[in-house]
Amino acid sequence: MQNEGRLAVLGAGHVGPVIARLALRAGYRVAIATSGDPEDIALITELVIPGAQPRWASDAIADADIVVLAIPLHRYGELDPGLLTGKIVVDAMNYWPASDGVLSAFEDGGSSEIVARRLAGSAVVKALNHIGYHELEDRARPAGAPDRRASGLAGDDPAAVAAVAELTDRLGFDPVRLGGLRAGRVLQPGGPVFGQVLTEPEFERAVYEDARSLS
Ligand SMILES: NC(=O)c1ccc[n+]([C@@H]2O[C@H](COP(=O)([O-])OP(=O)(O)OC[C@H]3O[C@@H](n4cnc5c(N)ncnc54)[C@H](OP(=O)(O)O)[C@@H]3O)[C@@H](O)[C@H]2O)c1
């Protein structure tokens with residue numbers, strides 16, 4: 001029997017509710033939070049994510065095994081690293097200057113590496129960031145489905161990577177482990193798989209060909 005698992009999804013915009021719905025379907029217990037009062041999202045949660053618990057972010061985090069960051073990157077500085085200490089944190093965020101504004105710290109390199117430095121007491125795994133929310137919902141398939149697609153992940157903590165690979169699999173995608181957080185740069189905007197919904201062999205080929213073109 002699969003471990004039930006407790007998930008906190010921070011962010012109730014576009015992608016947060018999709019991740020929450022998929023996770024509920026996969027048997028996780030799911031709490032969802034914004035930066036504000038859970039009362040404000042109670043009705044919409046009941047309607048569009050039935051079964052999810054709207055909670056204050058701090059309470060959702062405290063009770064979770066895995067916390068998903070589905071908030072705009074320019075707001076990640078609002079997160080209290082102390083609350084997230086000891087948690088597995090899925091960084092589903094992207095640096096998107098059109099909506100985040102220009103953030104000089106994120107102009108080069110890996111956004112999740114910067115997030116992980118701030119959340120130093122957490123095991124940060126970059127995942128669920130490179131597929132658009134519509135496709136995430138529409139293309140999720142059970143394990144073994146012939147048209148199943150891949151979703152990449154990367155992190156420095158092997159146990160956290162294993163937990164997030166299981167999450168990815170249960171949500172409906174073949175998890176492709178890329179290596180440490182730095183390797184997750186291929187999942188970012190401008191990378192070879194960003195915005196792509198590929199099968200596992202196609203995904204691996206795209207990453208491999210990108211690495212060859214850079215070498
Ligand atoms: N849209 C996609 O298809 C997609 C797919 C994969 C990954 N992503 C990434 O996921 C992130 C979110 O994208 P989105 O399109 O879902 O954004 P969005 O529609 O703007 O929603 C953002 C949500 O985050 C909440 N939020 C903001 N600051 C917060 C905080 N400190 N604590 C808790 N909740 C907070 C907002 O609520 P309040 O302002 O009320 O707090 C809102 O519910 C982005 O980094 C994006 O690149 C997006």
Side-chain angles (χ1 to χ4, degrees), residues 7-23 30-45 47-49 52-64 66-84 87 89-103 105-106 110-116 118-119 122 124-140 149-154 164 167-168 171-173 175 184-191 193-198:
L7 208 68
V9 178
L10 303 190
H14 293 100
V15 76
V18 170
I19 293 170
R21 272 197 294 276
L22 294 175
V30 178
I32 188 153
T34 63
S35 60
D37 189 330
E39 273 298 313
D40 296 344
I41 57 165
L43 182 59
I44 190 78
T45 301
L47 291 174
V48 303
I49 329 168
Q53 297 294 314
R55 301 192 72 186
W56 291 99
S58 53
D59 294 337
I61 293 167
D63 287 342
I66 301 178
V67 180
V68 179
L69 304 182
I71 72 174
L73 186 64
H74 70 270
R75 295 188 61 183
Y76 94 106
E78 295 171 17
L79 300 171
D80 177 352
L83 287 178
L84 289 158
K87 300 291 177 183
V89 173
V90 174
D91 178 11
M93 299 180 294
N94 296 295
Y95 173 45
W96 199 256
S99 54
D100 287 314
V102 174
L103 306 173
F106 290 94
S111 63
S112 293
E113 294 153 68
I114 296 172
V115 171
R118 179 171 156 77
L119 306 180
S122 312
V124 175
V125 179
K126 186 178 195 72
L128 303 176
N129 71 298
H130 71 91
I131 298 179
Y133 70 103
H134 278 304
E135 282 94 359
L136 212 49
E137 184 129 60
D138 294 348
R139 308 300 285 271
R149 304 291 150 157
S151 185
L153 64 148
V164 178
L167 172 68
T168 303
L171 294 190
F173 294 85
R185 293 180 183 196
V186 296
L187 302 172
Q188 299 190 155
V193 294
F194 186 79
Q196 307 286 331
V197 195
L198 304 171

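Whatever order the structure lists them in is the order used to number ligands and atoms, beginning at 1.
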| Under the ring pair (Phe, Tyr, Trp, His ring centres under 6.0 Å) test, which residues partner His134, sequence neighbours left out? | none
| task | With sequence neighbours left out, write down each residue that passes ring pair (Phe, Tyr, Trp, His ring centres under 6.0 Å) with Trp56, or none if nothing qualifies. | result | none
| note | At a 4.0 angstrom heavy-atom cut-off, ligand 1 is contacted by Gly11, Ala12, Gly13, His14, Val15, Ala33, Thr34, Ser35, Ala70, Ile71, Pro72, Leu73, Arg75, Glu78, Ala92, Met93, Asn94, Leu128, Asn129, Ile131, Gly132, Tyr133
| said: With a 4.0 Å cut-off on N to O distance, would you call Arg55 and Asp63 a salt bridge? | reply: yes
| request: Would you confirm whether the ring centroid of His14 sits within less than 6.0 angstrom of the ring centroid of Tyr133? | output: yes
| said: Glu135: which residues meet the side-chain hydrogen bond (donor to acceptor under 3.5 Å, both in side chains) condition with it, sequence neighbours left out? | reply: none
| request: Name the orientation class of the two ring planes belonging to Tyr76 and Phe106 (parallel below 30°, tilted from 30 to 60°, perpendicular beyond 60°). | output: perpendicular
